[in-house]
Amino acid sequence: MTQDDTRKARRIIITGGAGFIGSNFVHHWSKNYPEDRIIVLDSLTYAGNRATLKDLENLENFRFVHGDICDRPLVDELLKQENIDTVAHFAAESHVDRSILGPGAFVQTNVVGTFTLLESFRQYWLESAKPEHHRFLHVSTDEVYGSLEPNDPPFSETTPYSPNSPYSASKAGSDHLARAYYHTYGMPTIITNCSNNYGPFHFPEKLLPLMIINILLSKPLPVYGDGQNVRDWLYVKDHCQALDLVIHKGTPGQTYNVGGNNEVKNIDLVHLLCKLMDELAGDLPVKPAESLITFVKDRPGHDRRYAIDASKIRHELGWVPQKTVEQGIRETILWYLENQQWWRPLLSADYQAYYEASYGQKFT
Ligand code: NAD
Ligand code: TYD
C-alpha cells in the first residue's frame with residue numbers, strides 16, 4: 001500500500017503470526033506501518049516458531065502473546081486491553097496430510113477457534129459502538145472450492161463450496177461463520193481465499209520446502225500419485241501485499257480470491273526446482289537432483305487441480321502478483337540455503353515421526 005498522509009494508525013492483532021504466512025505478514029506490516037501497534041497471538045504448535053519474529057521482539061509497538069485462539073477470556077482481554085481495531089486471522093491447522101492422519105485438531109482450531117474470535121470481536125465491536133474502520137480479515141484457502149477438471153474455468157468468488165479434505169472442510173466451516181457474522185450482525189468481516197503460497201519461513205512438511213531440504217540431505221523426493229495434480233503458486237510476499245490492500249480498501253462482507261496466475265503440474269514444479277537446485281546449491285552430493293524423484297502412494301482424496309480467477313481483486317483493488325514461479329522459487333531456494341539455522345532445528349523427532357507416519361519411510 002502506498003503511504004497516505006491521512007492514514008489512521010491501526011492496532012492490529014495477527015493470529016498465527018508465528019506461522020508461515022502470518023509471520024511474513026507481520027514482517028510486511030511492521031515494515032510498512034511502523035506506527036501501528038502489532039499484537040501476535042499464537043499458541044506455537046509444531047508449525048509456529050517464535051524465532052521467526054526475533055527481529056521484531058524488541059520493538060516498542062510489537063507484542064507477542066503465547067496463547068490459543070480458542071481461549072475466549074484471553075481473546076476478550078487482549079481486544080480490550082490493546083484497543084484493537086483490526087483482526088488478521090491466520091491461525092489454523094494448515095496441512096492436508098496431517099488432517100488425514102488426525103482431523104480433530106482441525107475442527108478445534110479452524111472451526112471452534114475462528115468462532116471464538118468472531119464471537120469475542122462481535123461483543124467488543126458492539127461495546128465500542130461499531131466503529132467504521134474496524135476490520136476482521138479471515139484468511140482462507142482455495143481448497144474450499146474442491147477440485148477442478150483440466151478444462152474447468154478457475155475458481156471465482158461465486159464458485160460453490162465443495163471441500164474434499166478434513167482440512168478444507170474445516171476451513172469452509174470457518175469461512176461460512178465469518179460470512180454469517182457480516183450478514184447477520186453487520187460485523188465487518190472480509191474473507192480471502194488464496195492458492196498455494198511459497199517463500200521464506202515455510203514449514204518443511206509442505207511440498208516446496210520439503211523438496212528443497214530433501215535435496216540438500218540427499219533424500220528421496222516423494223511425488224504423490226502420477227504427479228499430474230495442478231496447483232496455482234503464489235509467492236507469499238505477493239499474498240501479503242494483497243491482504244494489506246484488502247484490509248485498507250476491501251469492502252466488508254466481500255470475499256476476494258488471491259492467486260499467483262502460476263498454474264503448474266506438481267511433477268513440472270519439482271523438475272523446475274531440481275534444475276534450479278543444481279544451479280544454485282553448489283556441491284550437492286547427488287546430482288542431478290531430479291535423480292532423487294520417487295513416485296509414492298497418492299494422498300487419499302487428492303484434489304486434481306486448483307486454479308484461481310483473481311480478476312475481482314485486480315479490478316477492485318488494483319492487485320497483481322509480481323513474481324513468476326521461476327523467480328519466486330529462485331528466491332525461496334536462496335533463502336533456504338542462507339537460513340539453514342532456521343530450518344534445521346525443525347527436523348525434530350516430532351517431524352521425523354510425522355514423516356514416517358505420512359510417507360511410510362524413515363526420515364533419517
Ligand atoms: P502455518 O501452519 O504455517 O501456521 C499456522 C500458525 O497458527 C502457527 O504459528 C501455529 O502455531 C498457529 N496456531 C495453530 N493453532 C493455533 C491456535 N489454536 N491458537 C493460536 N495459534 C494457533 O499456516 P500458514 O501456511 O501460515 O497458513 C496461514 C493461514 O492461511 C491458514 O488459515 C491457512 O488455512 C491459510 N492458507 C494457507 C495456504 C498455504 O499455502 N500455506 C494457502 C491458503 C490458505
Ligand atoms: P502441499 O504443499 O501439501 O499443499 P496442498 O495440499 O495444500 O495443495 O502439496 C502441494 C501439492 O504437492 C499437492 O498436490 C500434494 C503434492 N505433494 C507431493 O506430491 N509430495 C509431497 O511430499 C507433498 C508434501 C505434497
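As the structure is a computational prediction, the values presented were derived from the model and not from experiment. In each ligand, atom 1 is the first atom listed, and ligand 1 is the first ligand listed.
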Practice task
Is it possible for you to check whether R299 lies under 6.0 Å from the centre of the six-membered ring of Y224, through NZ or CZ, and within 45° of that ring's axis?
Solution key: no

Problem - salt_bridge(K237, E331) N-O dist < 4.0 Å - result: no

Handout entry: NZ/NE/NH1/NH2 to OD/OE distance under 4.0 Å, E263 and R231
Key = no

Problem - Heteroatom distance test (P222, ligand 2): nitrogen or oxygen, under 3.5 angstrom - result: yes

Practice task
Classify the contact between N266 and ligand 2 as side chain, backbone, both or neither, using a heavy-atom distance cut-off of under 4.0 Å.
Solution key: side chain

Problem - Salt bridge present between D76 and R72 (N-O < 4.0 angstrom) - result: yes

Handout entry: Those atoms of ligand 2 less than 4.0 Å from some heavy atom in K206
Key = 2 (O)

Handout entry: Those atoms of ligand 2 less than 4.0 Å from some heavy atom in H95
Key = 3 (O)

Problem - Residue D303 excluded, over 12 heavy atoms near CG under 6.0 Å - result: yes

Completion exercise
ligand 2 atoms nearer than 4.0 angstrom to some heavy atom of V96 are 6 (O), 7 (O)

Practice task
Check Y167 against ligand 2 and report side chain, backbone, both or neither, counting heavy atoms closer than 4.0 Å.
Solution key: neither

Problem - Backbone of R314 reached by a side-chain donor or acceptor of E316 within 3.5 Å - result: no

Handout entry: Residue part near ligand 2, for E205, under 4.0 Å between non-hydrogen atoms
Key = backbone

Exercise for the section: Answer yes or no: does an N/O atom from R231 fall short of 3.5 Å to an N/O atom of ligand 2? Expected result: yes

Problem - Other cluster members, Y161 - Ile/Leu/Val/Met/Phe/Trp/Tyr, side-chain contacts below 4.5 Å - result: V144, Y145, L148, F155, Y306

Fill in the blank from the handout: the protein heavy atom lying closest to atom 25 (C) of ligand 2 turns out to be Y224 CE1, 3.6 Å

Handout entry: Main-chain N/O of A18 paired with D42 side-chain donor or acceptor, under 3.5 Å
Key = yes

Practice task
With heavy atoms of E143 as the reference, note each atom of ligand 2 found under 4.0 Å away.
Solution key: 5 (P), 7 (O), 8 (O)

Problem - For ligand 2, the portion of N196 having any non-hydrogen atom under 4.0 Å away - result: side chain

Exercise for the section: Look at atom 2 (O) of ligand 2 and say which protein heavy atom is nearest, naming residue and atom and giving the distance to 0.1 Å. Expected result: L207 N, 3.0 Å

Practice task
Give the residue, atom name and distance (to 0.1 Å) of the protein heavy atom nearest atom 13 (C) of ligand 2.
Solution key: H302 NE2, 3.5 Å

Practice task
Provide, to 0.1 Å, the distance between atom 3 (O) of ligand 2 and the closest protein heavy atom, together with that atom's residue and name.
Solution key: R299 NH2, 3.0 Å

Practice task
Look at atom CD of E127 and say whether more than 12 heavy atoms of other residues, nucleotides or ligands are closer to it than 6.0 Å.
Solution key: yes

Handout entry: Atom indices of ligand 2 within 4.0 angstrom of Y359 heavy atoms, with elements
Key = 21 (C), 22 (O), 23 (C), 24 (C)

Handout entry: Crowding at NZ, K265 (>12 non-hydrogen neighbours, <6.0 Å)
Key = no

Problem - Under 3.5 Å: N/O of V223 near N/O of ligand 2 - result: no

Which protein N or O atoms sit under 3.5 Å from any N or O of ligand 1? Give atom names and distances.
unit_1   : atom_1 : unit_2 : atom_2 : d
ligand 1 : 2 (O)  : S94    : OG     : 2.7
ligand 1 : 3 (O)  : F20    : N      : 3.0
ligand 1 : 9 (O)  : G19    : N      : 2.9
ligand 1 : 9 (O)  : D42    : OD1    : 3.2
ligand 1 : 9 (O)  : D42    : OD2    : 2.6
ligand 1 : 11 (O) : D42    : OD1    : 2.6
ligand 1 : 11 (O) : L44    : N      : 3.4
ligand 1 : 11 (O) : T45    : N      : 3.0
ligand 1 : 11 (O) : T45    : OG1    : 3.1
ligand 1 : 18 (N) : D68    : OD1    : 2.9
ligand 1 : 18 (N) : T109   : OG1    : 3.0
ligand 1 : 19 (N) : S43    : OG     : 3.4
ligand 1 : 19 (N) : I69    : N      : 3.0
ligand 1 : 21 (N) : S43    : N      : 3.1
ligand 1 : 21 (N) : S43    : OG     : 3.3
ligand 1 : 23 (O) : S94    : OG     : 3.3
ligand 1 : 26 (O) : F20    : N      : 3.3
ligand 1 : 26 (O) : I21    : N      : 2.7
ligand 1 : 32 (O) : F90    : O      : 3.0
ligand 1 : 32 (O) : V139   : O      : 3.4
ligand 1 : 32 (O) : K171   : NZ     : 2.6
ligand 1 : 34 (O) : Y167   : OH     : 2.7
ligand 1 : 34 (O) : K171   : NZ     : 3.1
ligand 1 : 40 (O) : N197   : N      : 2.9

Handout entry: Electrostatic pair R11-E82, nearest N-O below 4.0 angstrom
Key = yes

Practice task
Report, as yes or no, whether the 6.0 Å neighbourhood of atom OH on Y46 holds more than 12 heavy atoms from other residues, nucleotides or ligands.
Solution key: yes

Practice task
Flag the pair E279 and K275 as a salt bridge only when some basic side-chain nitrogen lies within less than 4.0 angstrom of an acidic carboxylate oxygen.
Solution key: no

Handout entry: Presence of salt bridge, K54 and E57, under 4.0 angstrom
Key = no

